[in-house]
Amino acid sequence: MDAIEVKGIRSYGYTGLFPEERSLGQWFEVDLTLWVDLQPSAKSDDIKDTLDYRQAITIVKHIIKTAKFALVEKLAEVIAQDLLEMEKVNQVRVKLSKPNPPIPDFDGSITIDITRSK
């Protein structure tokens, strides 16, 4: 199966274990792999025959901006399930990163990496 990769979706959101994270918010970054059949659009050169990834980006940003979950695992799952509702998507991989988690003496990031299919 063919795939479209979308990397570097960045949005401010309100998911986190601590109440401050759900009220003050923080940045999240998402990379997607969307498995779709690209053969029809490769033949036709028509966007109606492929996945318009602008819509996928809009979905991801909207979920991050409006959701208030305790766990990033839940946020990643909701993103995956919403993207699977898109007509041409057969499978999705969501890599959701929290660049600056509020962990003492830790300057790194955490990433949730899930793959879901219809």
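This is a predicted model, so every value here is computed, not measured. We number each residue from 1, following the sequence as shown.
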Quiz item: Roughly how far apart are Asp45 CG and Ile47 CD1, rounded to 0.5 Å?
Solution: 10.5 Å
Quiz item: Minimum heavy-atom separation for Gln26 to Asn100, with atom names?
Solution: OE1-O, 4.3 Å
Quiz item: Step by step, would you call Leu24 with Tyr14 a side-chain contact (heavy atoms from CB on, under 4.5 Å)?
Solution: CA-CA 7 Å; Leu24 299 175; Tyr14 301 91; over 6 Å; no
Quiz item: Where do Pro101 and Gly108 come nearest, in terms of heavy atoms and distance?
Solution: CD-O, 3.4 Å
Quiz item: More than 12 foreign heavy atoms under 6.0 Å from NZ of Lys43: is that the case here?
Solution: no
Quiz prompt | Reported OH-to-NZ distance for the pair Tyr12 and Lys65, which is rounded to 0.5 angstrom | solution = 13.0 Å
Quiz prompt | Carboxylate-amine/guanidinium contact Lys7 Glu5, below 4.0 Å | solution = yes
Quiz item: Is the shortest side-chain N to carboxylate O distance from Lys98 to Glu21 below 4.0 Å?
Solution: yes
Quiz item: Asn90 and Leu34: side-chain contact (heavy atoms from CB on, under 4.5 Å), yes or no, with the steps?
Solution: CA-CA 8 Å; Asn90 299 306; Leu34 304 158; over 6 Å; no
Quiz item: Which heavy atom of Thr15 sits nearest a heavy atom of Ala70, and at what distance?
Solution: CG2-C, 4.4 Å
Quiz item: According to a 4.5 Å side-chain heavy-atom criterion applied to Ile, Leu, Val, Met, Phe, Trp and Tyr, with indirect links allowed, do Val94 and Val72 form part of one hydrophobic cluster?
Solution: yes
Quiz item: Is the shortest heavy-atom distance from the side chain of Thr115 to the side chain of Val92 under 4.5 Å?
Solution: no
Quiz item: Judged by modelled atom types alone, do Gln91 and Ser117 share a side-chain donor-acceptor pair under 3.5 Å?
Solution: yes
Quiz item: Linking I/L/V/M/F/W/Y whenever any side-chain heavy atoms sit under 4.5 Å apart, do Ile110 and Val78 land together?
Solution: yes
Quiz item: Roughly how far apart are Glu29 CD and Arg10 CZ, rounded to 0.5 Å?
Solution: 5.0 Å
Self-check item: Cluster overlap Val60 with Trp35, hydrophobic side-chain contacts below 4.5 Å
Solution: no
Quiz item: Roughly how far, to the nearest 0.5 Å, is the CD atom of Glu73 from the CD1 atom of Ile112?
Solution: 4.0 Å
Self-check item: Donor-acceptor under 3.5 Å (Lys68 side chain, Arg22 main chain)
Solution: yes
Exercise. Keeping the roles fixed (side chain from Asp2, backbone from Leu38), state whether a donor-acceptor pair exists under 3.5 Å.
Key: yes
Self-check item: From Ile9 atom CD1 to Ser97 atom OG, the distance as rounded to the nearest 0.5 Å
Solution: 11.5 Å
Quiz item: Salt bridge check: are Asp37 and Lys88 linked by an N-O gap of less than 4.0 Å?
Solution: no
Self-check item: Evaluation steps, side-chain contact (heavy atoms from CB on, under 4.5 Å), between Leu96 and Phe28
Solution: CA-CA 7 Å; Leu96 172 69; Phe28 292 90; 4.1 Å; yes
Quiz prompt | Minimum side-chain heavy-atom gap Glu85-Asp82 below 4.5 Å | solution = yes
Exercise. Assess the side chains of Gln81 and Glu77: does a donor N or O sit below 3.5 Å from an acceptor N or O?
Key: yes
Self-check item: Nearest heavy atoms of Thr33 and Ala3, plus distance in Å
Solution: CG2-CB, 3.8 Å
Quiz item: Does one hydrophobic cluster hold both Ile114 and Phe69, with members joined at side-chain heavy-atom distances below 4.5 Å?
Solution: yes
Exercise. Work out which heavy atom in Leu75 is nearest to a heavy atom in Ala67; give both atom names and the distance.
Key: CD1-CB, 4.0 Å
Exercise. Before giving the answer on side-chain contact (heavy atoms from CB on, under 4.5 Å), spell out for Met86 and Leu51 the whole-Å C-alpha distance, their side-chain angles and the decisive distance to 0.1 Å.
Key: CA-CA 8 Å; Met86 297 177 75; Leu51 175 75; 3.2 Å; yes
Self-check item: Within 6.0 Å of CG in Asp107, more than 12 heavy atoms from elsewhere
Solution: no
Quiz prompt | Polar side-chain atom of Asp31 near backbone of Gly8 as donor-acceptor pair, under 3.5 Å | solution = yes
Practice problem: To the nearest 0.5 Å, tell me how far Ile79 CD1 sits from Leu32 CG. | Solution: 7.5 Å
